Structures are given as structure tokens and as C-alpha cells.
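It should be emphasised that the depicted structure is a prediction, and the values quoted were computed from it without experimental measurement. So you know, we letter chains A, B, ... as the sequences are listed, proteins then strands, and number each from 1.
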2 protein chains.
Amino acid sequence: MTSVHATLQRPENTAPIFAALGDPWRLSIVERLGEDGPLPTSRLNGPGSGVTRQGITKHLRVLEQAGLVESFRVGRDRFWRLRVEQLVIARRYLDQVSAEWEDRLARLKSLVEG
Amino acid sequence: MTSVHATLQRPENTAPIFAALGDPWRLSIVERLGEDGPLPTSRLNGPGSGVTRQGITKHLRVLEQAGLVESFRVGRDRFWRLRVEQLVIARRYLDQVSAEWEDRLARLKSLVEG
DNA sequence: GTCATGCGCAACCTCCAGGTTGCGTCATTT
DNA sequence: AAATGACGCAACCTGGAGGTTGCGCATGAC
């Protein structure tokens, strides 16, 4: 058991994160939160976004459920902040799957080439 | 425009990849394909999986649509192989969002600390 | 005090993702 | 040539995701 392959998360735990990232709007929310730091719900919706405030709120809840964002209230605003830890977990998962496959490819190749 | 932030993909293009990874079964398929190389549909389903062959097939189509797997036929078997390139795109995207946020955090901090 | 803003909650609607069954086809085995 | 195994295609069913509207409640602005 090498250190590289040791801590591969189980799909059941990781899938929800990807699922949450799997919607264009949610992903763009994550992106905006990454660029412009904590933002209130109102500034994440705005006209031209094409979705209602409640629509955005629902998406935010999904992201929150997946642990990708967290919120705090200031006055009548609810601010949303990115939780990078979860992003890192997802990233690491992809890293490991890629690594396994690269390893396997190398092994297969050396098997063929003798 | 630094090299780190230059090539952030648009959410509309990246979201489908995450969406495809967002189902536990599909994710476990990706995982298995990473470990055990190209596999025929039949070996991806098997009893105890709890899903029909057609169920698996549908999932494979979704993954294929997202560019995450590709297939080739050998006799009556259809083999499926992982396409790491797409995994890398997803990984890179997460990298960049994380990086932006870390940057922003640092900037905010230095702003506060003067 | 009054008005406007930003949210939270709940009901509702619609559509498609995820799963199934059934049947036909082609390749393999014996 | 008969039987079996792996697929592809199509129809079908169902729950929940994604979106809306409507209303009530604080908080902040004037």
C-alpha cells in the first residue's frame, strides 16, 4: 500500500460533491465566490442572471449540503463563503484515479514490451 | 493576467463533467476503470451490483457523452476505457478556483493587517 | 413611523434522470 | 445447427431536481 493510493475516498462520499458542482449555475456561483470572496445572496442573483432569488437560494442550499459553501448573517444579508477543503477533497480524488490509471498503463505497457 | 489564472474554463463547459461524476455508480465505474483498465460492459455490472445491465449501459453513455470514457468492440464485448484528459480538465478547474480563493484570502488579510 | 430590502418558508408545477422490462441481433461455444 | 452470452434499441414508469409564485418577517434606510 503506497502512500499515493492509500486514501482513496469511497464514491458514495465523493459523488455528492461532484453532483453539487454539476450544475452550471452552481459552478458559476462557486467560481464567483472564489473570485469575489464572501457575497450576500442578493449579489449572487441580480437581474440578467435569469433565475429568481429563491432559485439561487436553492442552489446555495445544495452547495451548503455538499459542504462546498457556508454562510453567516450580517444584518439582513446572508453572506456565503467558499469552503476550499471540499474542493481539495474532490481534486484529490480525481488526482488519485488519474494516478491509478497512469500506473496501470505503465504496468500494461511494460508487460507488453517485456 | 498571470499564468495561473489565465485558462479558467467556463462553467457551462465544465459542469457536465462534474455532473457525470456526480452519481455514485458512475463514479465507482470511473474508479474501477482506473484500477482495472479497459473492461467490458458485462464485467462492470455483475450480480450484487443491484442494477441491470441496461442501467449500467445508460450510465456508461452518460460518461461517454461527458468525454470521460470511450469504448471499442472486441467480438461481442464492448470494452470501456478511461479518458484521463477529461479528469485532468476537471482537476485543473478545481485547482484554479481554489487558487483564486487562496489568493483573495491573502489579499484580504494583508489589507486588514495593513 | 414608514417604506423598502433581503430573506425564509411553503406550495406548486414540469420535466428528465435513473431505473426497469421486453425483444431482436450478432458472435461464440459445443 | 442449436444454445448461450453480450449487446442495442425502444417503451415505459416514477421520484426528485430545478424552477416558480406568494406571503410573512426582520432589519436598515429615510
Side-chain angles (χ1 to χ4, degrees), chain A residues 11-33 36-81, chain B residues 11-33 36-81 86 90:
Chain A
E12 310 91 58
N13 303 125
T14 326
I17 305 182
F18 289 123
L21 295 173
D23 178 279
W25 293 22
R26 285 200 291 267
L27 199 53
S28 75
I29 288 178
V30 166
E31 202 173 309
R32 284 202 57 192
L33 287 183
D36 292 341
L39 288 173
T41 313
S42 55
R43 287 201 47 203
L44 283 173
N45 128 15
S49 68
V51 190
T52 325
R53 171 180 62 89
Q54 286 81 347
I56 298 286
T57 297
K58 278 200 175 180
H59 283 303
L60 285 168
R61 286 221 204 292
V62 174
L63 289 171
E64 186 180 34
Q65 187 81 16
L68 284 163
V69 301
E70 61 189 359
S71 72
F72 54 95
R73 264 195 106 145
V74 175
R76 56 187 174 184
D77 293 314
R78 175 169 297 273
F79 281 80
W80 298 89
R81 167 174 38 223
Chain B
E12 309 91 58
N13 304 124
T14 326
I17 305 181
F18 289 123
L21 295 172
D23 179 278
W25 296 48
R26 286 201 290 268
L27 199 53
S28 76
I29 288 179
V30 166
E31 201 172 311
R32 284 202 58 191
L33 287 182
D36 293 341
L39 288 173
T41 313
S42 56
R43 288 199 49 204
L44 283 173
N45 129 21
S49 69
V51 190
T52 324
R53 171 180 62 87
Q54 286 80 346
I56 298 286
T57 296
K58 279 200 176 183
H59 283 304
L60 285 168
R61 287 219 203 293
V62 174
L63 288 171
E64 186 180 36
Q65 186 81 15
L68 283 163
V69 302
E70 61 189 359
S71 72
F72 55 97
R73 262 196 109 143
V74 176
R76 56 187 175 186
D77 293 315
R78 176 169 296 273
F79 282 78
W80 299 88
R81 169 175 36 224
Q86 289 294 95

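At the phosphate of D:dT20, OP1 or OP2 sits under 4.0 Å from a side-chain N or O atom of A:Thr52. For A:Thr41 and C:dC7, the shortest distance from a side-chain N or O to OP1 or OP2 is below 4.0 Å.
Checked against C:dG6, D:dG19, C:dG8, the side chain of A:Arg78 finds its nearest nucleotide in C:dG8. Which of C:dG19, D:dG19, D:dT20 sits closest to the side chain of A:Gln54 comes down to D:dT20. Counting only heavy atoms from C-beta on, A:Arg53 has its side chain closest to C:dC7 among C:dC7, D:dC7, D:dT20. Listed nucleotides D:dA29, C:dG19, C:dT21 differ in distance to A:Arg76; the shortest reach to its side chain belongs to D:dA29. The side chain of A:Asp77 approaches C:dG6 more closely than any other nucleotide in the set C:dG6, D:dG8, C:dG8.
Atom CZ of A:Phe79 is separated from atom C1' of C:dG6 by 11 Å (rounded to the nearest Å). Whole-Å rounding puts the B:Leu60 CG to C:dG18 C1' distance at 14 Å. If you measure from atom CD of A:Glu64 to atom P of C:dC7, you get 14 Å, rounded to the nearest angstrom. Rounded to an integer number of Å, the gap from A:Asn45 CG to D:dG19 P is 12 Å. Across the protein-nucleic acid pair, A:Lys58 atom NZ and C:dT14 atom C1' stand 12 Å apart, rounded to whole Å. If you measure from atom NE2 of A:His59 to atom C1' of C:dG8, you get 17 Å, rounded to the nearest angstrom. Rounded to whole Å, the distance from CD1 on B:Ile56 to P on C:dT21 is 14 Å.
Counting only distance, with no hydrogens or angles, the side chain of B:Gln86 and the backbone of B:Ile17 share no donor-acceptor pair below 3.5 Å. The main-chain N or O of B:Arg43 is found under 3.5 Å from a side-chain atom of B:Arg32 such that the two form a donor-acceptor pair.
Using a 4.0 Å heavy-atom cutoff across all strands shown, B:Gly55 reaches at least one base atom of the nucleic acid.
In this structure, OG1 on B:Thr57 lies 5.5 Å from CZ on B:Arg53, to the nearest 0.5 angstrom. Rounding to the nearest 0.5 angstrom, the gap separating the NZ atom in A:Lys58 from the CG atom in A:Leu63 is 14.5 Å.
If A:Arg61 and B:Val62 are placed on DNA chain C by their nearest nucleotide, the residue sitting closer to the 5' end is A:Arg61. Judged by closest nucleotide on DNA chain D, B:Trp80 is the one of A:Arg26 and B:Trp80 placed further toward the 5' end. If B:Asp23 and B:Arg73 are placed on DNA chain C by their nearest nucleotide, the residue sitting closer to the 5' end is B:Asp23.
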Next on the checklist: Using side-chain hydrogen bond (donor to acceptor under 3.5 Å, both in side chains), reason through B:Arg78 and B:Ser71 one step at a time and then give a plain yes or no.
Outcome noted: CA-CA 6 Å; B:Arg78 176 169 296 273; B:Ser71 72; 2.8 Å; yes

